[in-house]
Structures are given as structure tokens and as C-alpha cells.
Amino acid sequence: MANTDATARRRLLTVEDLRVAFPTRHGTTDAVRGVSLTVDAGECLAVVGESGSGKSVTARALLGLAGPGARVRAGRMSLHDPDLDLTEVRGRGWRDVRGRRIGLVLQDALTSLDPLRTVGAEVAEALRNHRVVPRSRLAERSLSLLEEARVPEPGLRARQYPHQLSGGLRQRALIATALAAAPPLLIADEPTTALDVTVQARILDLLAARKEAGTGVLLISHDLSVVARLADRIAVMRHGEIVEEGPAARLLHAPSHPYTRRLLEAAARHTGHTSASGGRDLAAAADEAGAGAAERPVLEVSGVGKSFTGPDGRARPAVRDVSFTLHAGETLGIVGESGSGKTTSAQLALGLLAPDTGSVRLLGQPWSQRPERERRPLRRRIQLVQQDPLGSFDPRYTVERIIGEALPPSGGAPGRGSARERRARLVELLTLVGLEEEMLDRRPRQMSGGQRQRVAVARALAPGPDVIVCDEPVSALDVSVQAQILDLFADLRRRLGVALLFISHDLGVVHHISDRVLVMRDGEVVESGAVGDVFRRPAHPYTRELLAALPRSSPPPAEALAAAGTTAGPTAHAGETAAPVARTAHAVGPATALVAPAARAGDGPADAAGSTADVAEGPASAVDRPAATP
């Protein structure tokens with residue numbers, strides 16, 4: 001009995017039979033189905049699963065943020081020490097829960113932070129609302145929280161607005177806000193998605209320190225390397241249900257459920273730098289068909305530099321003397337820490353920023369020196385897939401309008417026929433990225449993070465570009481869907497000669513898809529070369545530091561998987577057919593036929609009030625279903 005009492009005293013959260021449903025035009029969609037879990041003080045419970053499995057809806061329901069119209073029911077949903085029945089909390093009562101008793105770190109920092117307030121004011125608000133420190137100490141404590149979250153130059157950053165920070169800095173500022181009132185329970189929904197490996201390691205160290213200090217952590221993640229490093233227990237979700245739960249060490253090395261085994265297999269393939277179908281690196285496969293086209297430069301960046309003026313009036317260089325050339329059918333990866341100048345370099349290449357020094361040429365023509373009215377006819381030739389699709393989409397637009405805006409004129413006579421062709425083209429693009437036609441009627445907040453990212457890829461493909469600038473295009477996706485999108489990019493390279501400028505903090509992804517790589521630090525290129533050479537024989541100390549910081553997911557060895565009833569390769573289970581990810585054929589043009597993976601089924605609406613909400617989806621990834629082949 002003594003042990004039972006000790007456990008009860010340590011318990012922070014108990015959830016039993018949680019169910020969340022959303023009304024749709026076609027009836028009711030069950031996003032969460034009978035989930036039960038507990039979190040103790042000083043413990044990390046990780047909830048993993050593919051995009052749309054219901055992870056984020058589960059987490060947000062604990063804070064009363066499941067969304068307007070959501071029907072939340074539970075046999076029990078309680079905080080302890082002191083006890084509080086969360087099913088009875090209404091209206092203003094949530095103010096005493098959010099931030100004070102449960103902290104929340106969301107995936108989309110840009111939409112979570114107020115664009116009209118400085119970062120320092122954002123952190124100070126949490127301190128003021130919960131009366132953590134006297135008003136006279138708000139500024140001092142805000143700076144210390146930013147410093148604890150590993151934000152460089154906290155005094156400067158506190159005076160900046162969210163849009164003036166890189167994605168990684170915004171995420172760290174959001175973490176500082178969540179920790180302001182020292183809540184005993186922290187819900188972290190993909191807290192390291194936007195971070196490079198070195199900063200990711202620091203944030204995980206920060207979360208680990210909070211856990212050691214007694215904070216309970218409910219971690220939502222698709223990144224098994226993050227989970228392996230921090231979690232004590234793991235719950236695996238699929239289609240709104242927990243299909244397996246257990247100690248992290250046991251579940252990662254001897255999983256019992258077929259779905260868990262397939263997630264681990266997908267992670268092992270990802271960390272092994274092979275294609276989703278188990279083949280060679282995507283860059284090597286694409287090069288076989290694109291070698292001839294690689295002689296033609298499509299993008300030339302020569303000695304560009306760009307500085308920005310900070311709140312103190314000082315000019316700070318963001319990019320200094322950066323040069324590179326991108327050829328048709330080639331992928332050039334750019335890696336580096338948050339704030340190293342990766343995204344600024346991309347914006348210079350896109351013509352969204354004018355360089356202070358140097359020049360950019362697109363398809364052999366001057367690009368950076370031309371006025372926008374002269375660049376506009378060529379805009380369709382270079383497209384962007386952004387890191388934060390929710391921040392880049394108009395929240396009022398449906399997916400049909402978001403993608404439709406990017407479609408080139410059909411050339412046909414207006415009327416029903418051209419409207420049908422346009423609709424068919426939109427359906428083709430959705431199918432290409434693994435989404436169903438019904439997505440055309442949804443708005444950004446009615447989709448999960450992974451679904452939004454696939455819509456962003458479809459929009460970039462719509463006008464038929466020669467160059468696609470990819471700024472963290474798979475950071476929000478689980479490993480199986482990552483493999484699907486990376487295979488898609490490789491097919492576009494091989495069949496169309498599309499060039500990719502691929503920005504990522506995930507060194508495994510860059511190695512997986514790139515021909516060449518640039519390593520950036522403090523706005524400068526410190527190392528460049530063929531991706532294999534740079535990864536195998538890094539010359540610069542900073543490159544070696546990045547590689548050393550790679551998280552190790554400890555994928556289960558083949559013998560452990562075999563003992564659990566599976567192998568390290570694709571496996572057929574009862575009622576399923578094992579198959580590799582579909583290799584997708586696509587030629588950018590209105591009349592092109594697409595052969596793509598089976599469409600996603602059963603998507604439910606996401607939270608209309610929150611930043612990110614995974615919703616219940618049907619089979620989504622190549623590890624779940626038979627795949628079509630061209």
C-alpha cells in the first residue's frame with residue numbers, strides 16, 4: 001500500500017477513455033478514440049505516431065483547446081496535487097490551468113507568438129498574468145528565461161518581433177514563455193521540429209533538466225531520435241487510438257505491435273540515408289537520369305551579402321559573401337544552425353530580398369538587379385516551399401484557392417470545360433502529394449501540420465517551376481511521410497530536371513537527397529563540396545561539431561526485430577500487402593497523368609482555434625498500405 005500511495009502522490013495527470021469528435025458535412029469524425037494515459041512528476045511520456053494520428057488533438061484537449069464544435073468526453077481527465085477535474089473546467093477557469101499548471105509548447109511558433117508584440121513582452125505577459133515576479137522584475141526575469149532557452153543575445157532578441165527571428169529562435173522564445181510560470185506539467189508538441197541538431201540538443205538538455213527537477217513532460221513527436229533521448233515511456237498512436245505503450249527501452253528495441261515495428265523500420269531507413277523503398281541515396285538515383293541536364297546552370301548566386309538594422313540601430317550582417325551555382329536536375333543542400341543565414345540566402349535567391357552586395361542570376365538572366373515588374377513573368381520558374389505553411393497560407397482560403405492561385409492559365413476557353421480541367425489538375429496535384437480530393441474544401445486550420453506541408457508542396461509544383469527552394473519542407477512530417485515526399489522530389493528531378501535548393505537542419509535528410517552541400521555559420525559558407533565527401537571527411541571544425549551533435553535514435557537491431565516477429569525491411573502483415581513507397585511520375589503540365597500513392601482517407605477536421613492539430617486519418621504512409629507503381 002505504501003508504494004501505491006507514493007505513486008499517487010507523484011502522479012500529475014490521469015486520463016481515462018478520452019474521446020474527441022468533430023462534426024463534418026459528412027457526419028462525425030472521431031479524432032481521438034478511448035485514449036488513456038498517465039504522467040508522473042519527473043517523468044517523460046512520449047506520444048508518437050504519424051501525422052493525423054490524433055497526437056496533438058489529445059494534447060490540446062487537456063487544455064480545453066480541442067476547438068469550436070469539438071465534443072470532448074472522458075471517463076476521467078484530472079490533474080493532481082492538488083486534484084482538479086479538467087472535464088469540469090469552463091471559461092475563465094482555464095486561465096488558472098494554462099501556463100500555471102500545464103505549460104504548452106506548440107509546433108508553429110510563428111502563429112503562436114503575437115506578431116504585434118516583442119518577444120520580451122510575450123514572455124513578460126506570462127510572468128505578469130500568473131504573478132510569478134513583481135512588476136519591477138519582469139524585464140529581468142524575461143531575459144533570464146530567454147537565456148535559459150539558449151536564445152543568443154537575449155537583450156537584443158527581447159526587443160525584436162517574431163517575424164524578425166529565425167524559425168529556431170522563435171521556437172526557443174516560445175519555450176521560454178511556456179516555462180515562465182514553472183508549471184509542474186509541460187506539454188511539448190514537436191518542440192524541436194524547427195531546430196538544427198546542435199540547438200535541438202540544447203533544448204533537449206533543457207527539457208531533460210526540467211524533468212530531473214521534477215517537471216512531468218508529455219512529449220508529442222514524430223522524431224524517434226528525440227523520443228529515444230528523453231522519454232521514459234512511449235505511447236504509440238494510430239487512427240486516434242493508443243495501439244502500444246510501454247517503457248522506452250523495451251518499445252524501441254522489442255516492439256510488439258506491427259504498426260510500431262513499421263514506424264521503427266521507417267526510422268531506420270531514414271537514418272540509414274536510403275530511399276524509402278530501401279534503395280540507394282535519392283541523389284544518386286536521380287543523377288542517373290539528370291546527368292546531361294546538370295551542365296546547365298539555372299541559378300547563380302555570386303558574392304551576395306545582406307545586413308539588417310537591429311532595434312539598437314546597429315547593422316548586423318545576416319549573409320556575407322555567399323556564392324553557389326545550382327544546375328538543372330541538381331539538389332544543393334544548405335545546412336547550419338538557426339540564425340546562420342540559410343533562410344536569408346534563400347530569400348536573396350528568390351528575389352524576395354535585394355542583396356547589399358553581389359548578384360543573382362536565374363536561367364542565365366539577371367535576377368536580383370531587375371525591378372519586380374520585370375521579374376514577375378519569371379516568378380513561376382522559381383517556387384518556394386516554406387517551413388511554416390500555416391503562416392504562409394491565407395487562413396480564409398480553401399485548399400482549392402491556395403493551390404489554384406499558383407496554376408498557370410489553361411489557355412482554353414472559359415466555361416464549364418475549363419473549370420473541370422482546372423479541378424482535375426488540382427486533384428492530380430493533391431494525389432501527387434498523398435491527399436484526397438475532399439481536402440480541396442478545407443482551410444488551413446482544418447488540417448494537421450503534415451497535411452498543410454503537403455499542400456505547400458502541391459502549390460509549389462502547380463506552375464511548373466525550374467527551381468524549387470525548399471525551406472525545411474519535411475520538418476513537420478513523420479519519417480514515413482518524409483520518405484514519401486523525398487521520393488517525390490527525387491522523381492521530379494529525374495523526370496523533369498527540376499533543381500532543388502534544399503534548406504534543412506536535418507543532416508540525415510540533406511545527406512539523403514543532396515548532391516552537394518553548403519555548411520553555413522554566422523552568415524558565411526564555412527565548407528562546401530560533394531555531400532558524401534563533406535559527411536565522411538568534414539574539413540571544418542564546425543561541420544564536425546554538427547555531425548557529432550546528430551541525435552542517435554538507436555534503431556532496433558535486426559535480431560531484436562526478428563525476435564519481435566518482423567524484419568528490418570518492408571513486411572506484410574495480416575490483411576496488408578508490403579510494398580515500397582510509390583515512385584511518383586509527374587510532368588508539370590495541365591494534361592499530365594499522375595500515378596501516385598493511395599489517397600489518404602478519413603481525415604477529420606483539426607482544431608479551428610489552435611495552431612496545430614493532428615486529426616484522425618486513415619492509412620497515410622507507405623508503411624501502411626499497398627503502393628501504386630508507375
Side-chain angles (χ1 to χ4, degrees), residues 105-106 108-128 132-133 135-180 191-192 194-203 205-206 304-322 336-348 352-357 387-388 391 471-472 503 505 520-526 542 545-546:
V105 179
L106 287 170
D108 293 310
L110 186 61
T111 56
S112 300
L113 297 171
D114 190 329
L116 301 179
R117 287 192 297 194
T118 62
V119 168
E122 193 83 24
V123 179
E125 182 191 44
L127 295 170
R128 184 173 56 253
V132 177
V133 296
R135 283 182 176 270
S136 60
R137 293 192 55 216
L138 286 178
E140 174 191 348
R141 181 54 183 154
S142 297
L143 292 181
S144 65
L145 283 166
L146 290 173
E147 189 173 1
E148 289 173 15
R150 277 58 168 188
V151 175
E153 299 181 280
L156 170 66
R157 305 305 180 186
R159 288 179 285 165
Q160 292 182 305
Y161 292 89
H163 72 274
Q164 296 175 309
L165 304 182
S166 67
L169 287 177
R170 284 194 295 264
Q171 195 73 1
R172 280 175 273 178
L174 190 62
I175 290 173
T177 303
L179 296 177
T192 60
L195 305 181
D196 54 81
V197 290
T198 52
V199 178
Q200 181 184 97
R202 294 171 193 148
I203 293 301
D205 287 343
L206 174 62
V304 297
K306 184 69 178 178
S307 296
F308 296 97
T309 302
D312 56 2
R314 292 174 51 198
R316 287 175 169 79
V319 168
R320 292 177 284 194
D321 195 27
V322 169
E337 288 185 322
S338 174
S340 61
K342 305 186 302 292
T343 296
T344 300
S345 297
Q347 291 174 333
L348 291 168
L352 300 178
L353 290 175
D356 299 333
T357 60
Q387 173 182 340
D388 178 25
D471 191 355
E472 301 281 5
I503 296 169
H505 67 268
M520 294 191 67
R521 184 183 194 186
D522 297 332
E524 298 180 311
V525 176
V526 298
Y542 176 66
E545 179 186 343
L546 283 179

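Worth knowing before you read on, the calculation uses all heavy atoms, side chains too, and leaves out hydrogens, waters and symmetry mates.
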Minimum heavy-atom separation for [X] and [Y], please, with both atom names.
| X | Y | value |
| --- | --- | --- |
| A126 | V132 | O-CG2, 4.5 Å |
| L206 | I175 | CD2-CG2, 4.0 Å |
| E337 | L546 | CG-CD2, 4.4 Å |
| V123 | L145 | CG1-CD1, 3.7 Å |
| V119 | A173 | CG1-CB, 3.7 Å |
| V319 | S345 | CG2-OG, 3.6 Å |

Within the side chain of [X], is there an N or O that forms a donor-acceptor pair under 3.5 Å with the backbone of [Y]?
| X | Y | value |
| --- | --- | --- |
| D356 | S307 | yes |
| T344 | G341 | no |
| K342 | G336 | yes |
| R320 | D522 | yes |
| Q164 | Y161 | yes |
| R170 | P162 | yes |

field: Residue list, side-chain hydrogen bond (donor to acceptor under 3.5 Å, both in side chains) with Q347, at least two apart or on another chain
entry: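 With neighbours one apart ignored, the set is empty.
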Calculate, to the nearest 0.5 Å, the distance between atoms [atom1] and [atom2] belonging to [X] and [Y] respectively.
| X | Y | atom1 | atom2 | result |
| --- | --- | --- | --- | --- |
| L138 | L143 | CG | CG | 11.0 Å |
| D321 | T357 | CG | OG1 | 7.0 Å |
| Q171 | L165 | CD | CG | 12.0 Å |
| L353 | T343 | CG | OG1 | 10.5 Å |
| R135 | L127 | CZ | CG | 11.5 Å |

Hey, can you pull the donor-acceptor pairs under 3.5 Å for the side chains in residues 147-159, sequence neighbours left out?
from, atom 1, to, atom 2, distance (Å)
E148, OE2, R141, NH1, 3.1
R150, NH1, E148, O, 2.9
R157, NH1, Q160, OE1, 2.9
R159, NE, G155, O, 3.3

Test item: V322 and M520 side chains (from C-beta on) under 4.5 Å apart, heavy atoms: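 The answer is yes, as the side chains (C-beta and beyond) meet within the 4.5 Å cut-off.
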